[in-house]
Amino acid sequence: MRRVTYSMNVSLDGFIVDPTGAIDWSDPDPEVFRHFTDELRRTDVHLLGRRLYETMLYWETADRNESLDAAELEWAALWKALPKVVFSRTLTTVQGTNTRLASGTLAEEIQRLRAEPGGGDIAIGGANLAADAAASDLIDEYRAMVHPVLVGGGTPYFPRHERRVKLELVDSRTFGSRVVHLRHRVVH
């Protein structure tokens with residue numbers, strides 16, 4: 001059965017965007033970018049909330065940008081080929097290769113995707129969507145790319161539900177930029 005993973009950049013004080021909505025503090029260096037590319041290669045489908053979907057639309061046409069380097073072109077090609085499911089209460093259509101609006105609830109979509117053949121991950125992107133998945137105990141792994149910065153507020157990485165979730169650290173890595181990747185598996 002495929003794992004459901006939640007992977008995002010996060011500040012040391014636990015936020016994925018700062019109080020102004022900025023994410024420039026999490027711009028990856030080449031080593032971190034390679035890590036995210038490797039993670040994308042192991043993904044079979046990506047579930048996105050509306051805001052992250054709109055942010056990631058850039059990668060649908062990024063290959064036309066002549067200033068991109070080889071690593072960015074590789075990411076763009078992998079992203080375009082990856083099946084994507086968008087969850088939104090406001091959108092009626094979506095753009096992009098291999099992109100569709102969710103036809104069911106998050107739990108229904110994940111149940112259907114887990115039943116499909118494939119060994120890659122079902123990745124969740126976006127704090128609100130991840131919070132919904134966590135509230136329904138649908139996340140198997142939390143993958144935090146912790147940046148050495150305090151942003152003082154914004155959108156939290158971890159959902160703020162009043163429940164305990166036991167985690168097991170299964171991998172960690174410190175990059176040259178002092179960014180730390182932590183991969184935790186949910187213990188059921």
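Computed from a predicted structure; not experimentally measured.
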>> Assess the residue pair Lys80 and Asp63 against the criterion (side-chain contact (heavy atoms from CB on, under 4.5 Å)); give the C-alpha distance rounded to whole Å, side-chain angles, the decisive distance to 0.1 Å, and a yes or no.
In response: CA-CA 10 Å; Lys80 280 177 73 169; Asp63 56 352; 3.4 Å; yes
>> Within this structure, what is the CG-NE2 distance for the pair Leu52 and His46, rounded to the nearest 0.5 Å?
In response: 6.5 Å
>> Parallel, tilted or perpendicular, judged at 30° and 60°: which one describes the rings of Trp75 and Trp59?
In response: perpendicular
> Are Ile23 and Asn9 side-chain neighbours, meaning at least one heavy-atom pair lies under 4.5 Å?
Replying inline: no
> Would you call Arg112-Glu108 a salt bridge at under 4.0 Å N-O?
Replying inline: no
> Atom NE2 in His181, atom CE in Met145: separation rounded to 0.5 Å?
Replying inline: 5.0 Å
> Got a second to check how far Asp29's CG is from Arg178's CZ, nearest 0.5 Å?
Replying inline: 11.5 Å
>> Check the orientation of Tyr142 and Phe158. Use parallel for under 30°, tilted for 30 to 60°, and perpendicular for over 60°.
In response: tilted
> Met56 versus Lys84: any side-chain heavy-atom pair under 4.5 Å?
Replying inline: no
>> Membership question, hydrophobic clusters at under 4.5 Å side-chain separation (ILVMFWY): are Leu129 and Ile16 in the same one?
In response: yes
>> Quick check: do Arg50 and Asn128 have side-chain heavy atoms less than 4.5 Å from each other?
In response: no
> With hydrophobic residues grouped by side-chain heavy-atom distances under 4.5 Å, do Leu91 and Val85 end up in a single group?
Replying inline: no
>> Is any side-chain heavy atom of Glu168 closer than 4.5 Å to one of Val170?
In response: yes
> Which is it for Val32 and Ser177 under the side-chain contact (heavy atoms from CB on, under 4.5 Å) test, yes or no, and what are the steps along the way?
Replying inline: CA-CA 8 Å; Val32 171; Ser177 59; 4.0 Å; yes
>> My understanding is that only residues two or more places apart in sequence, or in another chain, count here; which of them pass side chain to side chain donor-acceptor pair (under 3.5 Å) with Asn98?
In response: none
>> How long is the straight-line distance from CH2 of Trp79 back to CG of Leu57, given to the nearest 0.5 Å?
In response: 9.5 Å
>> As an exercise, state the distance from NZ of Lys166 to NE2 of His184, rounded to the nearest 0.5 Å.
In response: 12.0 Å
> Is the closest side-chain heavy-atom distance between Arg143 and Asp121 below 4.5 Å?
Replying inline: yes
> Any salt bridge between Glu39 and Arg183, counting N to O under 4.0 Å?
Replying inline: no
> Can you tell me if CG on Leu78 sees more than 12 non-hydrogen neighbours from other groups inside 6.0 Å?
Replying inline: yes
> Would a 4.5 Å heavy-atom cut-off, applied to side chains only, mark Ile122 and Glu109 as touching?
Replying inline: no
> Applying the side-chain contact (heavy atoms from CB on, under 4.5 Å) test to Val186, which of Asp140, Leu167, Leu138 qualifies?
Replying inline: Leu167
>> For Tyr53 together with Phe87, are the ring centres under 6.0 Å from each other?
In response: no
> From Ser67 OG over to Glu72 CD, what is the distance, rounded to the nearest 0.5 angstrom?
Replying inline: 7.0 Å
> Does Leu101 reach the side chain of Thr93, with side-chain heavy atoms less than 4.5 Å apart?
Replying inline: no
> In this structure, which one of Val4, Val86, Ile110 forms a side-chain contact (heavy atoms from CB on, under 4.5 Å) with Leu47?
Replying inline: Ile110
> So does Arg3 have more than 12 non-hydrogen atoms from other groups sitting under 6.0 Å from CZ?
Replying inline: yes
>> Whether the side chain of Thr37 engages the backbone of His35 through a donor-acceptor N/O pair (distance < 3.5 Å, no angle test) should be reported.
In response: no
>> Using side-chain contact (heavy atoms from CB on, under 4.5 Å), reason through Val146 and Tyr157 one step at a time and then give a plain yes or no.
In response: CA-CA 10 Å; Val146 183; Tyr157 171 89; over 6 Å; no
> Hey, are the side chains of Val179 and Glu31 touching, using non-hydrogen atoms and a 4.5 Å cut-off?
Replying inline: no
> Would you say Asp13's side chain and Leu150's backbone share a donor-acceptor pair under 3.5 angstrom?
Replying inline: no
